[in-house]
Structure formats: C-alpha cells, structure tokens
Amino acid sequence: MLISTLAVLLCCLPPLALLGAWAGGRPGLARLVHAGTALVAGGFALLALAALVEGGEAALLLPFGPAWAPLSLALDGLSAWFLLPLGLCGLACGAYGWRHEAVAPARRLAAWPLFLAGMALALLAGDGFTLLLGFEGMSLASWVLVAAGQAPAGSVSAGSVPAGFPAAGPAPAEEEGAARAAAGLYLGFALFGAACLLPAVGLLAGLAGDLSFAALRQAPPQGGVAWVVLALVVLGAGSKAGLVPLHGWLPVAHPVAPAHVSALMSAVMTKVALYVAARLLLDVGGLGQGLGWGVPLLALGAASALFGALRATQEGDIKVLLACSTIENVGLIAMAFGLSALLRAADLGALAALAAAAGLLHVLGHALAKTLLFLVAGEVQHGAGSRRMDRLGGLIHAMPKVALAALAGAAALAALPPLAGFAAEWLLLQALLASWRVGELGVQVLAAAAVALLGMAAALGAVAMLRFWGLTFLGRPRAPRTLGASEAAPLPRAALFLLAGLGAAVGLLPGALLALGGEAVARLSGHAGGVALASAWAVAASPSASAYHPLGLAVLLLVLFVAVVLALRWLSPRASVRGPAWDCGFVAPPPHLPFGDPGTQPSAAGFAQPLLRMLGTSLLAARERATLPPPGDPAPARLDSHWQDPVLPALLPALARWRDALVIRAERLRDLPLRHLLMLAFGTLLALLALLAWVGPGGGAGA
Amino acid sequence: MMAALLTQALHLALMLALAPLLTGLLRWLKARMLGRRGPSPLQPWRDLVKLCRKRPVLAENASLVTSIAPYAACAATLLAAALVPGFTRGMALGGLADLLLLGGLLALSRAALALAAMDIGSAFGGLGAAREMSFAVFAEPAFLLCVMAFAILAGGTNLDAIGAALQDGALGLRVSLALALVALLAVALAENGRIPVDNPATHLELTMVHEAMLLEASGRHLALWEMQAALRLLLWLSLLAALFLPFGMAEAAEGPLAWAQGLGLWLAKLAGLALALAGFENAIAKMRVFRVPEFLGAALLLALLGVVFLFLSTGLA
Amino acid sequence: MSFGQIPYDVAHLLGGGMLLSGFVLLYQRRLAAMTGAFAAQGALLALAVAWQGFIQEEPGLFISALVAAAVKAVLIPLALRAFILRLGLQRRVEPGLGIGASLIAGVALVALACLVVLPATAGAAALLREDLAIALSVVLLGLLMMVTRRHAIGQVVGLLSLENGLVLAASGVQGMPLVVEIATAALVLVLAGVAGFFVLLLRERFESLDLSLLHRHRGEGE
C-alpha cells in the first residue's frame with residue numbers, strides 16, 4: 001500500500017518536469033511546479049513516517065525497465081529514514097521556490113522535479129540497477145541546476161532587489177562564468193562517481209545477475225573482490241558526498257545554484273550518497289567482513305570533518321561557508337558508519353548499533369539545519385543584497401525572525417546542547433570512547449585519534465557557525481544596502497520556523513526517533529536489537545554507562561534561566577538605559593558613514609585570522625606577509641594573507657597532464673595500419689573472453 | 001530520594017555562595033604571596049551587590065542578544081556546576097552528570113559570551129570572541145581525550161560512577177592518570193582564562209581575551225558575567241578535586257554527618273587547589289596569544305599519550 | 001605484579017614522571033627553565049632507582065640513587081645554571097624544529113618504543129616491560145632533543161637526559177651489575193666534559209653557541 005502510493009507520487013514528478021520545461025517565464029505555471037513538488041515531497045515525508053511507524057514493505061516490481069534488470073522499489077526502515085529528510089526539506093524548499101522562483105529559466109524548472117525524483121528513486125530502489133539509475137538521474141539533474149546557475153539580476157523575485165543595484169556582488173557575466181566552471185567541475189566528479197559505482201554494483205552481483213538487494217545480501221563480497229568493492233564504493237559515493245580528498249567540487253558547485261537548490265544539494269543529495277555507501281557497504285555487503293571494512297570510512301570521515309570545519313571557519317561567502325560545513329558533517333556521518341562497521345566486525349553489536357544510530361540521527365539533524373541555513377542565506381541575499389559577510393552585519397534589527405530561525409540552525413550545527421547536533425555527537429563519542437574494547441592496538445589508537453579529531457572538528461564547527469551568525473546578524477551594517485534589508489515573506493518564514501521546530505524535535509527526542517528507526521539501525525549494524533537503551537526521554541550507551549536526557553536537560557536549562565531572570569529582576573530592579581558604545585577608542589560614526597566605519601568592525605577574514613595562523617599554515621597552505629612602509633612614509637602598512645585548499649589545485653594539473661597524455665596516445669592510434677587496428681579489436685575480444693573464463697562459472701561469486 | 005534532593009539543593013546553594021568567595025580568595029592569596037595586603041576575599045561579593053544596584057547601560061545598537069546572553073550563559077554554567085559533585089555523590093542530578101554533557105554546557109556558555117561580545121560590532125569584542133573560540137579548538141580535543149582515559153578506567157562517562165571507581169582505589173596510581181592530570185590542568189587554565197593563557201587582571205585591551213568580551217557589559221549584566229566566570233572556576237576546581245582527589249567524598253544516602261565531613265574535605269581541597277593556582281600564577285608570565293596553541297597542543301599530545309599507555313596496560317593485563 | 005599493587009604503581013608513576021619531564025624538556029624554549037626540568041628529571045630518576053632498590057632489595061641500587069640525586073638533580077643543573085649565568089645566556093633558545101612538530105615526533109617515538117619493546121619482551125613481567133618501554137622512550141626523546149636543538153647547551157641537556165633513560169632501564173633489570181652502571185655514567189660524564197670543552201671552544205671562536213654557524217666550517221682547513 002505504502003510502496004504503491006510512493007510509486008504514484010514518484011510518477012507525478014516527470015510530468016511536473018515537463019510542465020516546468022514549458023513554464024519558463026510564466027509565473028503562474030512556475031508556481032504550480034513548485035507547489036506540485038512541495039506537495040509530492042510532503043507526501044514522501046508522510047509516507048516515510050508511516051513506514052517508520054508500521055515497518056517496511058516488500059519490493060514492488062515496476063512494469064517497465066530492461067529485461068535483464070527489472071526495476072523494483074522497496075521501502076525498508078533504512079530507505080524510509082533517509083526519505084524523511086528528503087520529504088521535509090523538499091517541502092520547505094518548495095515553499096521558498098514558490099516565493100522567490102516565480103520567474104525562473106525553463107531549464108531549472110524542468111530539472112528541479114527530476115532532481116527530487118532521482119533522489120527518491122535512489123532511496124526507494126529495491127535493487128542495484130534502480131539505485132544506480134536514480135543516483136545518476138540525481139547527478140544529471142543537479143548538474144543542470146548548477147549549470148543554470150544564478151538567475152540574472154533582473155529576474156530575481158518580484159522586486160525585492162532593486163534592478164541594477166551595483167554593489168551586490170560580482171557582475172552577472174562573471175558569475176555566469178563561475179557557474180559554468182563550477183558545472184564543468186561538478187560534471188567531472190559526477191562522472192567519476194558513476195565510473196566507480198557501476199563496476200562496484202557489478203562486482204557485488206557477480207555473474208548471477210540478480211541485482212535485488214535481498215539476493216545481494218545473501219552473498220556478500222569476499223576476498224580481493226571485497227576490497228575492490230570497498231575502494232570503488234568509497235570513491236564513488238565519497239566523491240558525491242564530498243569526502244576529503246574528493247571534496248574540491250562541493251564548495252564550488254553547491255553555492256552557485258539558487259538557495260533552495262543549494263539547500264537540497266547540500267542537505268539531502270550528500271545524504272543520498274551516504275545512503276548508497278551505507279546500503280552497499282554496511283547493509284548489503286557488511287556481513288562477515290573484517291576489521292578493515294570500516295577503517296576507510298572512519299579515517300576519511302575524520303579527515304573530512306576536520307578539513308571541512310576548518311575551511312568553514314575561513315570562508316567569507318555564507319553559502320560557501322555552509323557548503324564547507326556540509327563537508328564537515330558528512331565526515332561526521334561517515335565516521336559513524338565506518339565505526340559501526342568496525343565494531344560490528346569485532347562482534348560488539350550493541351556498540352555498532354550505537355554508532356549507526358549516531359550517524360542516522362545526524363543525517364536527520366544536519367539535513368534539517370542545513371536546509372534551514374541555506375534558505376536563510378537565500379533570504380539574506382534577497383533581503384540584504386549580498387552573500388559576503390563583509391557586506392552584511394546588524395541584520396538582527398532588520399530581519400529579527402530570520403535571525404532567530406538561523407540561530408536555531410546554527411546552534412544545532414555548532415553541537416550545542418540540547419539541540420540535534422549535540423545529541424548525535426554525544427552518541428558518536430560514546431561509541432568512540434567505548435571502542436577500545438575492540439582489543440587491537442591499531443584500532444584503539446585510531447579511535448583515540450578519531451576522538452581528538454572529532455573534538456577539534458566540533459569546536460571548529462562551533463567557531464564557523466558562531467562567525468556566520470555573529471557577523472551576519474550582529475554588529476553594525478557593513479554596507480549601506482544592508483540598512484534597507486526587509487524581513488522575509490510569511491511563506492518562507494513559515495518554512496524556516498517549520499525546519500527549526502523539526503530540528504529542535506530531533507534534538508530533544510532522539511530516543512523516540514531512534515526507537516522508530518530501529519530497523520534502519522539494525523540494517524546498518526547487523527545488530528537485531530537496534531539501540532537497546534533508547535527510551536522516549538533518554539538515550540544511553542549501556543545500562544551501566546551514563547545516559548543523555550535531552551528533554552530533561554532542556555527543562556532544567558529553562559528553569560534555571562527563568563530562575564536567574566526572576567532573581568535578577570528582584571535583586572536589580574532598575575531599568576536599563578541606552579548610551580553610546582563604550583569600547584575604548586570607539587569612534588563616533590563620521591557623517592558620510594551613518595552606521596559607523598565598517599573598517600573598525602571585525603571583518604570576516606579578521607575574525608578567522610587566529611585560526612588561520614594556528615592551523616591554516618599547515619593545513620591550508622596559509623601565508624601572511626606584512627609590508628610596512630619605511631619610517632616617514634605616510635603610506636599605510638599592508639597585511640597580505642592568503643590561503644587555498646591544497647587538494648584541488650594539486651589534483652587538477654595532474655588530471656590535465658593525464659588527459660593530455662591520453663589524447664596523445666589516442667592520436668597515435670589513428671596512424672596505425674588497418675591490420676594493427678584489427679589486431680587491437682581482436683585482442684580486446686580475446687581479453688574479455690579470457691576474463692570471462694577466469695571469473696566465470698568456476699570462480700564467480702554467483703554461480 | 002529526599003537525601004538526594006536535599007544534597008542537590010545544598011550543593012547548588014554552596015556553589016553559588018562559594019564561587020565569588022573562591023575568586024576573592026585567589027586574588028587575596030596572590031596578593032599576599034607578592035607581599036601586598038590585597039583586597040578582602042569578600043570583595044567580589046561586594047562588587048556583585050554594587051553592580052546589581054547600578055543601572056545597566058546598553059549600547060545604542062545593542063540587540064536583544066546583549067540582554068539575553070548573560071542569563072543564558074549563567075544558566076548553562078549553573079547547571080554544569082550543579083552536575084559536578086562537590087561534597088557528596090549521588091545527588092538528585094547525578095544521573096545527568098556526564099562529562100561530555102559538561103563539555104557541551106561549557107561550550108554553550110562560551111558561545112553565549114562570544115555572541116554577546118559580537119553584538120555591538122566593536123573591535124575588541126570581536127577580537128576576544130575570535131580568540132576565545134579559537135582556544136577552544138585546541139582545548140576541546142584535549143578534554144575529550146582525558147574523558148576517554150577516564151571512560152576506559154571507569155567504564156563510562158558518568159561523573160558519579162568515575163568518582164566512585166577512583167575512590168575505591170582499585171585503579172591504583174597510573175602514568176595515564178598523571179598525563180591526564182597535566183592535560184586537564186592545562187585545559188582548565190585555558191577555559192578559565194588564567195595565566196599563562198589569559199590574564200584575568202589585565203587592563204591592557206590588546207592582551208585581553210576574556211575581559212575584552214565584557215567591555216560593553218555593565219550593571220547586572222556585568223554582575224552575571226562575573227558570577228559566571230567565578231562559577232566556572234569553582235566548577236573546574238571541583239571537577240579536578242572530584243577526579244584526582246576523590247578521597248573522603250560522602251554518599252548522599254549516608255546522612256548529614258558524612259555530608260559535613262565531605263564538606264570539610266571539599267573546602268580543604270578547594271583551598272589547596274586555590275593556593276597551588278595562586279602560586280603557579282605568580283611564578284609564571286602570560287604567554288603570547290599565538291603560543292597558546294602550542295601550550296594546548298602539548299596538553300592534547302600528553303592526553304593522547306596517556307590514552308595510548310592505557311591501551312598498552314589494558315592489553316598487558 | 002600488576003595494576004593496583006603499590007610497587008608496580010609507584011615504579012610506573014615515577015617512570016611516567018620522567019617521560020613527562022622529557023616532554024617538558026622538548027617543549028621548553030628557555031635555557032634556565034630547561035635546566036630546572038632537567039633537575040626534576042634527575043630527581044625523579046633518583047627516586048625511581050631508589051624504589052627499584054627497595055622492591056628488588058638490592059642495596060647497590062641505593063648507592064646509584066644517591067649518586068643520581070647528587071649529580072643529576074643537584075650538581076649538573078647547578079653547573080649548567082652557573083655556566084648559563086656566566087655566559088649571559090638567560091635568553092631564549094630557538095629550536096631547530098618547531099615545538100608542535102617536535103612534540104608530535106616525540107609522541108610518535110614513544111609509540112615506536114612501545115611497539116618495539118612490548119613484543120620483544122613477551123613473557124617478562126609486566127613491570128619490566130612497561131619500564132623498559134618508558135626508559136627507551138626517554139632515551140629516544142633525549143636523542144630527539146639533540147637533533148632538534150641548534151643550541152649547544154640544549155644538545156648537552158639532551159645527551160644527559162638520554163643517559164637518564166639508560167640508567168632507568170638498567171635499574172629496572174634485576175641483577176644488573178653496578179659496574180655497568182658506573183661505566184655508563186662515567187662514559188657520559190666524559191662525553192659531557194668533552195661537550196663542555198667544545199662549547200667553550202665554540203664560544204671563543206665564534207662568539208656564539210649557535211651550531212648552525214658550524215655548517216660553513218665543516219671539514220675545516222678552508
């Protein structure tokens with residue numbers, strides 16, 4: 001019943017895409033597309049919730065698809081758990097689109113429903129082929145969305161940005177170029193991911209040819225094949241999720257799209273990639289693997305968490321900052337999944353379930369908070385005209401409600417109790433702290449290093465979020481345009497508060513949620529009981545270990561807060577007065593800058609400078625040079641500070657060299673005589689036959 | 001149950017009453033060691049009373065953050081202080097008293113402080129906030145590794161359980177504990193803004209970290225911030241006492257006589273730690289801001305070393 | 001012996017203290033503070049050796065402990081301090097390798113020492129194994145200090161701290177003849193003497209103790 005309803009909903013999306021292709025430039029129809037996708041997404045969320053409550057359903061064979069790989073849909077606990085954030089975030093993004101994307105290019109309106117459909121298809125797939133189909137559909141649609149880039153300045157929603165306003169950011173032409181470059185980079189990484197995942201699924205299936213998950217689960221990969229599958233899936237899914245060192249495209253590509261597209265890409269698409277990794281490695285192929293099975297995910301996850309968080313503390317553009325923070329959070333989830341696989345291999349089922357629960361909880365918490373913050377970034381861009389923190393500031397006065405919603409999201413991502421990020425990190429830390437029981441010294445040292453990296457990443461994430469919220473919403477305006485900012489419209493505002501409320505619920509009721517997600521936890525960890533000690537009010541690692549009571553904690557905090565307020569009201573009844581800021585040496589605003597000289601406020605780079613010096617010199621190749629004028633010269637002193645992500649610049653020239661070398665080789669083929677060409681084809685055929693003979697019925701996993 | 005609630009209330013009241021006294025005692029001890037007469041240990045309490053009587057002055061562009069953050073930070077620190085056992089274990093909130101949660105609550109109050117500092121958009125506020133948050137990047141992993149050492153030794157992160165396990169003495173003296181002690185001391189110095197990381201008595205804005213964030217606060221807001229800092233110091237000293245000097249702590253169920261004994265010992269431990277801290281602060285100079293990561297990084301590595309030694313000895317045993 | 005037993009715990013703790021002071025030596029940039037840390041290490045060594053004498057009931061070790069306390073904890077630090085004062089060297093010393101990097105290298109060396117010693121001594125008593133691991137770590141830290149310091153005094157302190165590690169290892173092994181220890185100690189004293197002479201010579205020739213100045217003069221003669 002559930003699954004057929006889902007299939008019907010899924011089938012609604014392609015017609016919406018057709019409608020979108022036709023609706024470019026027609027406001028009414030574009031709104032119809034957004035409303036339609038939002039409704040479908042809401043349906044997804046409801047059905048996912050129903051599936052979580054009632055339990056999974058058997059696979060449904062679709063009536064179309066190639067004969068050798070029938071398409072099937074299935075909805076088990078794991079799919080439903082990942083479908084839930086897709087639905088919720090899709091709903092909120094639809095509300096944003098309704099308000100701000102009434103006029104949009106046809107390309108984007110057509111790709112938007114397809115993007116959702118691809119993600120839903122990947123999540124609902126009951127077999128490897130459908131999974132890949134959905135995953136690649138998602139990749140292509142999101143590529144179109146990235147390539148469609150920013151709307152030209154004139155067509156951004158009905159008049160919220162004055163047309164032709166100059167100082168809002170880079171010129172449209174420049175931005176167009178950036179979008180094109182980002183799309184190219186994005187397509188390259190997407191193709192790489194596909195090139196890794198296709199053979200991985202093929203190897204999982206062996207020669208048996210049955211690609212359904214149920215069949216694949218019966219014969220998990222073994223020996224050398226297992227390691228190849230592990231490497232391919234980690235590379236393929238990791239490149240889509242943004243794991244270090246394959247993260248370079250993410251902060252480039254995610255921010256060029258409009259806010260609601262960036263939100264869905266950052267919050268949900270990366271989760272779909274993680275879902276693919278979890279489904280293939282932990283669920284389908286996870287039975288009976290050794291200790292090493294989880295190590296790549298754990299190590300790459302820890303590196304991503306640290307690196308993404310450090311970059312997030314340095315970026316000056318709020319959408320790029322949020323994209324970097326996505327790398328951090330994807331890393332945390334990958335760590336949890338890797339740790340779960342590792343603990344499962346060591347026969348510590350309850351701990352494996354704990355780690356898996358931490359990852360799953362963070363999937364939900366991060367998706368909601370990240371969507372919220374990207375939509376806030378969109379509102380800020382529409383309202384205040386810029387995404388650069390150096391041109392914002394003091395927005396809490398102009399958009400107080402957006403600021404409040406953003407604070408909820410930022411605090412959740414900063415892992416502050418009692419919100420969602422802290423709950424997930426608490427669970428992950430409990431699993432990590434107990435993982436010394438594995439007994440292997442190497443694993444123990446890895447766990448200790450992971451604890452240290454996690455702590456550092458969490459603190460860096462807190463710095464990044466504090467800097468984002470503080471510089472954007474607090475202080476004084478840094479550009480005149482900021483003074484004219486206006487509060488968000490009611491519909492997007494409602495979406496923001498919906499997301500904030502849902503995120504708070506995830507943080508306050510992790511136990512209840514994990515009880516719902518018992519099947520997902522069991523699928524990932526192979527531990528039938530799920531998290532044994534999740535009650536509605538608390539989660540605990542084990543009966544003897546300590547428990548985390550978020551709801552009780554929140555109540556206590558609230559009670560103490562009220563008590564302190566009441567006590568101070570009684571002790572110190574005098575009302576406060578307003579006066580000029582003190583801050584020794586604070587200059588009164590000059591007449592030409594009514595909101596004060598922005599140069600006296602901490603800038604985005606200035607706020608990040610301590611960390612750049614402390615960690616950036618080694619990790620981000622940061623260089624600083626102070627140029628002082630000679631004595632007597634009235635010229636100002638200059639401090640030049642520069643950093644760059646070392647991975648992509650190291651990768652791209654090498655790739656370019658390989659490409660050139662390959663092209664030269666290929667050119668040589670053209671000059672070969674006909675006989676040689678025939679030999680080439682014949683040799684390839686022979687090689688393929690030999691491969692078949694080698695892995696064939698004798699050695700094949702499926703036979 | 002009654003005993004648990006009673007001790008919890010008593011503990012909270014003691015924490016509130018003692019926090020400014022401890023700060024005053026520390027200042028007095030430092031002054032005496034330098035041969036000055038020093039202000040009376042009651043001075044911080046007098047300051048608080050005076051600040052409460054004054055009218056807070058808010059900057060013209062201050063938002064609600066300036067007026068809400070001090071209450072939020074104070075509530076979070078107060079809750080953290082209520083969780084750390086002082087004279088007795090098994091208080092009503094003992095089940096909540098988790099080391100990781102303690103770290104989270106301290107992070108919450110730190111974030112509130114940093115936001116309040118950024119609210120006006122003044123140079124020193126932002127400077128202090130950036131530095132304070134950056135120090136935490138190094139302090140937090142060192143703290144977590146110390147927690148890991150205790151979690152391995154005691155089987156969990158609950159403070160009551162750890163304290164009980166340590167008090168039994170079954171764990172013995174360990175290299176790991178010594179290393180964790182050094183690391184935790186460094187973290188405590190950084191978290192409380194003590195010398196050599198920050199100078200709590202400085203009047204030079206450029207060298208300030210914690211004080212730079214309070215430049216705009218006045219009246220009851222300043223009183224709250226002062227109270228929060230004092231509570232945090234008391235909390236850390238109590239935490240160190242509970243982890244490394246666990247002897248003589250009462251159980252809540254043992255009755256008032258045991259409580260009194262535990263109370264006396266707790267006060268003695270606090271006084272001893274304050275004396276050691278005063279001596280240390282007088283003997284050492286504040287370090288440059290950019291040497292703090294080295295200081296905390298060394299703590300991080302020592303904590304890591306302690307955990308690795310623990311792995312080795314659990315592997316051998 | 002295992003955890004929870006006083007002899008094991010105290011020996012373990014004293015060894016750990018020596019290791020810790022080895023890290024302090026590695027971290028410290030100023031010469032005066034360095035001699036202080038070195039004196040602390042010497043005192044800890046004396047205590048550790050005395051404790052070994054107590055639990056092994058070996059009176060010879062008490063003599064070693066006394067010698068260590070007198071020489072390492074008092075005489076050499078005093079001499080070093082006098083030397084520093086005489087040459088006016090209270091200022092900072094710049095390590096060749098950054099503090100962070102040398103500390104990370106130190107932790108890696110300790111891990112290496114554990115990985116080498118623990119499998120190699122399988123079957124021996126737990127106390128001996130961990131003691132040996134710690135002693136080897138102290139030796140390696142001393143070597144690392146010699147490698148990372150550009151200043152001659154720092155190198156001398158590194159050498160002496162290395163010898164501390166050797167003595168710690170020797171004291172832990174039951175039935176180690178006193179002669180061997182004395183021979184080691186004498187050897188190191190000779191080395192220290194040579195180093196002192198070398199420092200004075202350097203000072204006379206180049207008016208500095210920065211060893212990087214020697215680079216140009218390698219293979220002398222010109």
Side-chain angles (χ1 to χ4, degrees), chain A residues 393-394 396-397 414-417 422 426 429-430 433-434 436 441 444-445 448 451-452 455-456 458-460 462-463 466 470 474-476 544-549 552-553 556-557 560-561 564-565 568 571-572 574-584 586 600-602 607 610-611 613-614, chain B residues 52-53 55-61 63 65 71-72 74-76 78-79 95-96 98 100-101 104-105 107-108 111 114-115 118-127 130-131 133-134 136-137 140-141 144-145 148 151-152 155-158 205 215-216 219-220 290 293 300 304 307-308 311 315:
Chain A
I396 191 172
H397 301 289
L416 294 180
F422 183 78
W426 189 90
L429 269 171
Q430 287 291 350
L433 293 184
W436 63 276
L441 187 62
Q444 289 173 333
V445 173
V451 167
M456 209 172 239
L460 281 170
V463 179
L466 186 105
L474 297 182
R476 291 164 289 137
S544 60
S546 66
Y548 173 56
H549 307 260
L553 175 74
L556 274 174
L557 272 175
L560 281 175
F561 180 79
V564 174
V565 169
L568 261 288
L571 287 171
S572 161
R574 303 187 69 179
S576 56
V577 290
R578 293 272 167 173
W582 182 71
D583 190 57
C584 78
F586 198 78
T600 61
Q601 270 201 85
F607 196 87
L611 275 174
R613 270 214 199 168
M614 290 169 183
Chain B
C52 275
R53 266 190 259 126
R55 205 201 273 275
V57 182
L58 300 179
E60 273 149 1
N61 64 334
S63 68
V65 171
Y71 297 97
C74 219
L78 203 55
L79 183 55
L96 266 178
D98 174 78
L100 299 178
L101 179 61
L105 286 173
L108 182 61
L115 283 182
M118 294 172 80
D119 191 29
I120 314 296
S122 60
F124 286 118
L127 187 85
R131 287 180 176 175
M133 297 301 286
S134 306
V137 169
E140 206 142 298
L144 286 182
L145 281 175
M148 187 172 196
I152 293 172
T157 53
N158 187 287
E205 287 87 349
L215 285 175
E216 291 297 332
R220 55 174 168 270
F290 289 104
L300 172 63
L304 184 64
V307 173
V308 171
F311 291 151

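Chain naming here is simple, since letters A, B, ... match the order of the sequence lines and numbering starts at 1 in each.
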Winner by heavy-atom pair count (cut-off under 4.5 Å) against chain A, out of Ala151(B), Gly126(B), Ala59(B): Ala59(B)
Gap separating the CZ atom of Arg55(B) from the OG atom of Ser572(A), nearest 0.5 angstrom: 10.5 Å
Sub-4.5 Å side-chain heavy-atom contact between Leu553(A) and Leu79(B): yes
Closest non-hydrogen atom pair, Gly455(A) against Pro141(B): C-CD, 4.1 Å
Interatomic distance, Met614(A) atom CE to Ser134(B) atom OG [nearest 0.5 angstrom]: 5.0 Å
Closest non-hydrogen atom pair between Pro602(A) and Gly121(B), with its separation: CD-O, 4.2 Å
Flag side-chain contact, heavy atom, 4.5 Å: Val307(B) against Val445(A): no
pair Leu466(A)-Met118(B): side-chain heavy atoms closer than 4.5 Å: yes
Contact class of His549(A) relative to chain B, heavy atoms under 4.5 angstrom: both
Between Ala575(A), Ala434(A), Gly552(A), Gly470(A), the one whose heavy-atom pairs under 4.5 Å with chain B are most numerous: Ala575(A)
Residue selection (most heavy-atom pairs with chain B, distance under 4.5 Å) from Leu429(A), Val577(A), Val564(A): Val577(A)
Value rounded to 0.5 Å, distance of CG in Leu557(A) from CG in Leu105(B): 6.0 Å
Option that, when pairs with chain B are counted at under 4.5 Å, heavy atom only, ranks first among Val463(A), Ile396(A), Leu433(A): Leu433(A)
Test item: Tyr548(A) and Asp98(B) side chains (from C-beta on) under 4.5 Å apart, heavy atoms: no
Val57(B) side chain reached by Arg578(A) side chain, heavy atoms, under 4.5 Å: no
Toward chain B, the part of Ala547(A) with a non-hydrogen atom under 4.5 Å: backbone
Contact leader toward chain A among Val308(B), Leu300(B), Leu96(B), Leu127(B), where contacts are heavy-atom pairs under 4.5 Å: Leu96(B)
Leu144(B), part contacting chain A, at a heavy-atom distance under 4.5 Å: both
Region of Phe607(A) that comes under 4.5 Å of a non-hydrogen atom in chain B: both
Nearest atoms (heavy-atom pairs only) where Ala459(A) meets Ala136(B): CB-O, 3.8 Å
Engaged part of Val65(B) at the chain A interface, taking heavy atoms whose separation is under 4.5 Å: side chain
Separation of Phe311(B) CZ from Leu441(A) CG (nearest 0.5 Å): 8.0 Å
Tyr71(B), part contacting chain A, at a heavy-atom distance under 4.5 Å: both
Residues in salt bridge (Lys or Arg N to Asp or Glu O under 4.0 Å) contact with Arg613(A), at least two apart in sequence or another chain: Glu624(A)
Contact check, side chains of Leu101(B) and Pro417(A), non-hydrogen atoms, under 4.5 Å: yes
Contacting region of Leu416(A) [heavy-atom separation from chain B under 4.5 Å]: side chain
Test log, rule side-chain contact (heavy atoms from CB on, under 4.5 Å), inputs Gln430(A) and Thr157(B): CA-CA 8 Å; Gln430(A) 287 291 350; Thr157(B) 53; 2.9 Å; yes
Straight-line distance of Glu140(B) CD to Leu460(A) CG, nearest 0.5 Å: 9.5 Å
SG-CG distance between Cys74(B) and Leu568(A), expressed to the nearest 0.5 angstrom: 7.5 Å
Test item: Arg53(B) side-chain N/O and Leu571(A) main-chain N/O as donor-acceptor pair under 3.5 Å: no
